[in-house]
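Here is the structure we will look at.
Model, not experiment: these values are computed from the prediction. Numbers restart at 1 for each chain; the letters A, B, ... are given by sequence-line order, proteins then strands.
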Amino acid sequence: MPGPIQSIQRAAEVLKLLAHGGAHQLSVGEISRALDLAKPTVHGILRTLQEVGFVEQDVEGGKYRLGAALFQIGTSYLDGNELRAKALNWSDTLAMRAREAVRIGVMHGKHVLVVHHVFRPDNSRQTVDTGALLPWHATALGKVLVAFGEWPDGELQRYTRHTLTGLDLSTALDDVRERDWAYDLHELVEGEASIAAPIRDRRGVVVGAVGISGPVERLCESPDQPPRLELVSYVREAARSVSRELGGLSW
Amino acid sequence: MSYIAAIDQGTTSSRCIVFDQSGGIVSVAQREHRQIFPRPGWVEHDATEIWTNVQAVVRDALAQASLTHADIAAFGITNQRETTVVWDRETGEPVHNAIVWQDTRTDAVIKQLGDQDRFRERSGLPLATYFSGPKVRWLLDNVEGLRERAGRGEVLFGTMDTWLIWNLTGRHVTDVTNASRTMLMNLETLDWDPELVSAMDVPLAMLPQIRSSSEVYGSYEGVPVASALGDQQAALFGQTCFAPGEGKCTYGTGAFLLINTGDQPVRSRNGLLTTVGYKIGDEPAAYALEGAIAVTGALVQWFRDKVGLISSAAEIETLARTVDDNGGAYFVPAFSGLFAPHWRSDARGVIAGLTGYISRGHLARAVLEASAWQTREVVDAMNADSGVDLTTLRVDGGMTANNLLMQFLADVLDVPVVRPIVAETTCLGAAYAAGLAVGYWPDTAALKANWHKAAEWEPSMEPAARDKGYRKWKKAVERTVGWMDEDDD
Ligand SMILES: Nc1ncnc2c1ncn2[C@@H]1O[C@H](COP(=O)(O)OP(=O)(O)OP(=O)(O)O)[C@@H](O)[C@H]1O
Ligand SMILES: [Mg+2]
């Protein structure tokens, strides 16, 4: 059996270093100093890693950070069934506080896959829709997942005259990243709204989204206003609790 | 605002959950303890480790929500049932590891005591290794000098509720639900039964005082300790099954179907247990019929830890969904013999229907399906005993996170399966009972208003497939019994 391959070992060192930096990005020079490697060697490693999507740069010649492809590999380890089991207590409590239906979603190709669904707590007739696929751009769950993940290619259907696409959608996602929660207002179904917040694992990677949905008159003060802050805070608290369950937050 | 903290001392872990007035969860802390397997069929816990864990989870749960003891209106206790510990009254040291409910070492004691139904009338229970009486008898017979010390009143017996309350408050008490699992309590008088106690040869001096499930026993850090319920009875309480005919099935390490039978104990003719459901203060006790299944979640855990095909319990669903059916394989997990409705301590587990076709996916299916088929057996017994057919099954516990299992359960029972909005009904029930005792909640009607449906699964299996599956399951069960021989220990 051949011995360890040096270039792979070095590439791993580079990735570990970038992962350590978190949001802090590193230049070729910083990496070469930290790992005691020649600049051309580091450069070669970074270029190869960039090609396979394991590292990224904001601008050509700029600093490096970990790439989306790497996160997707990591993310696939969090099984949807596992996420549901970990989220059970907190999604129940969210449904109880908000008095609305709760769903937990993860990206599945170009759609949001519902991995958990808690009924609106009014004992009315409802059916479990775990396993259903939702359009990402017209739901709060999807906006959270894409804002912190990758924009899937493909046509975006307009469901109502409020459905966002193109630049409007991209601006909306910037807001989501800024606020750390998302909402949809009449965007999938006229008269319906949803609120969602990101679930993070121990590396801080967004692995899912938890949210509530219901009629606009219950979720918002008025039909053209963003959702009520009280409900937003319940949703964000639930997302934080699930993240803590996954080791994603220290308290 | 004040809160109720429930302590759930379970078979695999101890947890503390803090609830608010709406029954919503404010914080959760949990710690696992060691499962000690000194020999095949023997299962022990270190009671000292458990007490340390319980203190830690209480601390953690309060810290997580930035609460102090002053924010807690009461502690409620719920616990794994039957598990038996004996300790020194002076030092508080256990004289031996706790003997866990799953432990089968008392097989010989049981055989020696005679007919299986000998104590059924008084205690509601068949003679089986499951209950505490035989376990304390084993300790008295096998721990050097213990019987003499017990006679002199130097050691105390308790189930886990008693062990915790003694450590928390200094009082030596148990509640009616836990006492009803010792095989030493008389179901009518709700007191130690002289005949049972003397047949089991246990000194009265070591037994705790029997109290109601919902009253202040004492205090810990200035907070009243105000409830104690066996975990399954606590889940019944948490599901607010306060009227006769209401019931639930909890899926954790094992699965336990309990139906409230009102203020009269009902004797089973079909292998169910008669037990106390709960007793609130001075009110009359509510009784229950129980179908106890020893191994459900424990099989998933075994599959994870001992077989290693999955790395977490939830992954079994992912693995099971890689195939469409069980491929003809049936897994009867008679690890501790078979409990309800069979009560066969000589049974051991089998996987039946194995062929070269069977893959790991099929095995994962068979593991999950075992929980559903075992439930079908106890539901059939319950229907036969009560003369009325179950129309929906209320479920709770960790395994209800498994959607594939919940659907399959609805399919094999042919009734809708409903999960309430708090799956942690065990803790919730202990919190409710404690909250009632200290006036945090006014009455049971206020608790009922908190119950909401969180999910529902409708049956969708063809009757022919259901019948065939059940027939195969029964054949697999037949193959487990009589496995143990005289020279097996
Ligand atoms: N998604 C799942 N699918 C199948 N089984 C599961 C799943 N999640 C948990 N389990 C099983 O459920 C059990 C845990 O459930 P729960 O937390 O209700 O039990 P428990 O109360 O800890 O048990 P105990 O009180 O006896 O210690 C474990 O045995 C585990 O294997
Ligand atoms: Mg439990």
Side-chain angles (χ1 to χ4, degrees), chain A residues 76-104 106 108 113-132 201 207-208 212 233-234 237-238 240-247 249-251, chain B residues 15 17-30 60 63-66 297 300 310-321 364 396-407 410 416-425 427-428 449-458:
Chain A
S76 59
Y77 283 114
L78 185 69
D79 181 306
N81 294 315
E82 181 78 25
L83 180 56
R84 183 186 324 115
K86 288 272 168 34
L88 208 59
N89 286 332
W90 306 109
S91 42
D92 280 350
T93 298
L94 173 57
M96 224 145 94
R97 301 230 158 101
R99 314 215 67 79
E100 298 294 348
V102 170
R103 284 182 182 75
I104 291 180
V106 298
H108 183 77
L113 172 68
V114 177
V115 297
H116 184 41
H117 172 200
V118 183
F119 291 173
R120 186 175 60 253
D122 58 8
N123 295 341
S124 64
R125 204 172 172 78
Q126 298 163 65
T127 44
V128 176
D129 67 4
T130 304
D201 70 2
V207 292
I212 59 174
S233 75
Y234 293 153
E237 205 175 307
R240 273 196 297 271
S241 299
V242 179
S243 300
R244 180 159 41 78
E245 208 75 49
L246 299 174
L249 279 180
S250 46
W251 283 60
Chain B
R15 61 193 111 183
I17 302 188
V18 178
F19 292 94
D20 63 21
Q21 207 135 20
S22 70
I25 292 178
V26 176
S27 64
V28 181
Q30 183 169 0
D60 293 350
Q64 241 178 59
S66 308
V300 176
I310 49 173
S311 60
S312 78
E315 261 178 42
I316 194 154
E317 183 171 353
T318 314
L319 182 55
R321 283 189 193 276
D396 52 66
M399 284 188 104
T400 59
N402 193 308
N403 282 1
L404 183 65
L405 172 59
M406 292 301 106
Q407 183 57 53
V417 167
V418 172
R419 180 178 85 77
I421 201 147
V422 177
E424 291 274 3
T425 48
C427 275
L428 185 63
N450 283 345
W451 191 95
H452 294 292
K453 197 188 283 182
E456 178 163 11
W457 293 268
E458 292 282 345

Practice prompt. Sort B/S66 into side chain, backbone, both or neither according to what part of it lies under 4.5 angstrom from a heavy atom of chain A.
Written response: neither
Worksheet item: Between A/R97 and A/T93, is any side-chain donor less than 3.5 angstrom from a side-chain acceptor?
Response: no
Fill in: Side chain, backbone, both or neither of A/H117 within contact of chain B (heavy atoms, under 4.5 Å)
backbone
Worksheet item: With only heavy atoms counted, which part of B/W451 is less than 4.5 Å from chain A, the side chain, the backbone, both or neither?
Response: both
Worksheet item: Would you call A/D122 and B/K453 a salt bridge, using N to O less than 4.0 angstrom?
Response: no
Worksheet item: Quick one: are A/I104 and A/V114 in side-chain contact, heavy atoms under 4.5 Å?
Response: no
Item to complete: Check the pair A/D92 / B/R419 against salt bridge (Lys or Arg N to Asp or Glu O under 4.0 Å), numbers first and verdict last.
Response: CA-CA 11 Å; A/D92 280 350; B/R419 180 178 85 77; 2.9 Å; yes
Discussion item. Salt bridge check, A/R84 against B/E317: does any charged N sit closer than 4.0 Å to a carboxylate O?
Written reply: yes
Worksheet item: Quick one: what part of B/D20 sits under 4.5 Å from any heavy atom of chain A, side chain, backbone, both or neither?
Response: side chain
Worksheet item: Of the backbone (N, CA, C, O) and the side chain (C-beta and beyond), which part of B/V418 lies under 4.5 Å from a heavy atom of chain A, both, or neither?
Response: neither
Worksheet item: Of the listed residues (A/T127, A/V128, A/L94, A/V102), which shares the most heavy-atom pairs with chain B below a 4.5 Å separation?
Response: A/V128
Item to complete: Pick whichever of B/E424, B/M399, B/R321 has the most heavy-atom pairs under 4.5 Å with chain A.
Response: B/E424
Worksheet item: For A/N81, which of B/N402, B/T318, B/N403 qualifies under side chain to side chain donor-acceptor pair (under 3.5 Å)?
Response: B/T318
